[in-house]
Visitor: 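Dumping the structure here so I can ask a few things about it.
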Amino acid sequence: MTAIKTVPAAQLPAAFFEPRIFEKDTEATVSDILRRVRTDKDAALHEFARKFDRADPHSFQIAQSDLDCAVRRLEAENAALHGALCYSHDLALRFALKQRESFTNFEAELEPGIITGQRTIAVDRAGLYVPAGRFPLLSTVIMASAPAIAAGCGEVVLCTPPRPHPNDKTLPYADEGIMAAAALCGVHRVFACGGAQAIAAMAYGTESIPRCDVIVGPGNKFVAEAKRQVYGTAGIDMIAGPTEVFIIADSTANPAWIAADMLAQAEHDPDAQAVLATPDAALARNVSAELEKQLAALATAEIARTSIERHGLIIITDSLEQAARIADKKAPEHLELALEAGPALDALAASVRNYGSLFIGHGSAEVLGDYAAGLNHTLPTSTSARFTGGLSVRCFLKTVTTLRTKGESAGFHASAEAASILGETEGLAGHAHAARIRL
């Protein structure tokens, strides 16, 4: 049997609720990469490409003709994948546009003559990073670009690791699936540049790659550390750790579905964490058996088994309400409520507060949110859902404020008088004078 641990809720260790931090000793290495790119720009990018990547083209921007060719080749050779990407992008963009509608501008006269306002403005240039390892993440192109375009960014650029050009090794090229997805999504410029050096290039700008206002997207430990270090020079979406799913289920849940959802997260990474909380001991036993059964046929079983054995957990709770309290304290990236439709499910959905995305009911598998339901799959991990949400149009917007006054109004006089008093009290005579001179 799979060695997934099963524990009563009362015996959960305090460490279960703490941020899952995996030290990787990357700070010094990344700091040096950032410094080199900031100083030497394109020359440093070429040096790191020769050291870390599969190709070092003479330039970095991929030709639009190559991007368009990748789309045509994908449609001709894999029409099903082309259709799935188009469908996923359509939903993601429509959802992001609905999000954009929720950020409204306003003006309000708080006091006579004191007219305050809010404006929501998109950043000028968004930078997207898309990794291209063993399994290039085509869906990440969609999830990163849709909210940037819906927000109204003036330019959206994308960096992804280089690949040898099929016809001319001196020309920039990348994974063809990523290139096709970028063209389908309307990304303005694509650069064959990967790793921490790509984050540096988008943060500081080089001769070839423009400086970006916000940088988003997943990556390895070096990319994550680079995003952490450039924050302040550029905005970022978040620092993401290993993926997580927390499932609350009752006796109506299908054990095979629960096990499949747990393994779908576990196959990402040996440090991924899949958790089931249920008051039904029989369901817990059946899910444990299903995990072993499905692992036997899973192509990614080696990674998934390691994740389940190291970090997987089944929690036996006294009630669904206790499971919800545990989930809120854990603040998982993905939270599934595997219950039949009805008052119990509605009450549970209304009560939970801390999660990246919530999946309500048996049919709402987390994998749908990953790929083709409109939701964004870039979500907070390691308890950070306590204070932030996932990647959305919000990441590409800045909320700024405005003030207009009517010179002889009562509100203007009261504001200036109060400002002068507070300036004097804080020892800022110039502040006090700038307010009082207007009275």
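Since we're looking at a predicted model, the values are computed, not measured.
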Visitor: Mark yes or no: Arg38 above the aromatic ring of Tyr204, with NZ or CZ under 6.0 Å from the six-membered ring centre and no more than 45 degrees from the axis.
Guide: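 Yes.
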Visitor: Pairing donors with acceptors under 3.5 angstrom, does anything connect the side chains of Gln64 and Asp68?
Guide: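 On atom types as modelled, these side chains qualify, holding a pair under 3.5 Å.
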Visitor: Can we say Lys398 and Asp213 salt-bridge, meaning some charged N sits less than 4.0 Å from an Asp/Glu carboxylate O?
Guide: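 Here Lys398 does not pair with Asp213 in a salt bridge, since their nearest N and O are not under 4.0 Å apart.
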Visitor: One thing to verify: whether Glu176 and Arg163 come together as a salt bridge, which I'm taking to mean a side-chain N less than 4.0 angstrom from a carboxylate O.
Guide: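 No, no charged N to carboxylate O under 4.0 Å.
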Visitor: Any luck finding a side-chain donor-acceptor pair between Lys330 and Gln273 under 3.5 Å?
Guide: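 Short answer, yes.
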Visitor: Below 4.0 angstrom, N of the basic side chain to O of the carboxylate: do Glu424 and Arg436 qualify?
Guide: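 Judged by the 4.0 Å cut-off on N to carboxylate O distance, Glu424 and Arg436 do form a salt bridge.
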Visitor: Flag the pair Asp32 and Arg35 as a salt bridge only when some basic side-chain nitrogen lies within less than 4.0 angstrom of an acidic carboxylate oxygen.
Guide: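 Arg35 and Asp32: salt-bridged.
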Visitor: Kindly state whether the ring of Phe60 and the ring of His46 have centres lying under 6.0 angstrom apart.
Guide: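 Between His46 and Phe60, which both carry aromatic rings, the centre distance is below 6.0 Å.
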Visitor: So how far is it from Leu397 CG to Ile121 CD1, rounded to the nearest 0.5 Å?
Guide: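 Here the interatomic distance stands at 9.5 Å.
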Visitor: Classify the side-chain pair Glu340/Thr252 by whether it contains a donor and acceptor separated by less than 3.5 Å.
Guide: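 There is no such pair (donor and acceptor under 3.5 Å, judged by atom type) between the side chains of Glu340 and Thr252.
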Visitor: Write out all pairs satisfying side-chain hydrogen bond (donor to acceptor under 3.5 Å, both in side chains) with one or both partners inside residues 117-129, taking only residues at least two apart or from two chains.
Guide: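 Sorted pair list: Arg125-Glu155.
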Visitor: Which of these passes side chain to side chain donor-acceptor pair (under 3.5 Å) with Thr243: Glu333, His377, His268?
Guide: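 By the side chain to side chain donor-acceptor pair (under 3.5 Å) criterion, Thr243 pairs with just one of Glu333, His377, His268: Glu333.
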Visitor: Regarding His362 and Asn254, do their side chains bring together a donor and an acceptor under 3.5 Å, going by distance alone?
Guide: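 Not at all, the side chains of His362 and Asn254 share no donor-acceptor pair under 3.5 Å.
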Visitor: Are Cys159 and Met202 side-chain neighbours, meaning at least one heavy-atom pair lies under 4.5 Å?
Guide: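 Contact flag for Cys159/Met202 side chains = yes.
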Visitor: Salt bridge or not for Glu101 and Lys98, using N-O below 4.0 Å?
Guide: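 The answer is yes: the pair qualifies as a salt bridge.
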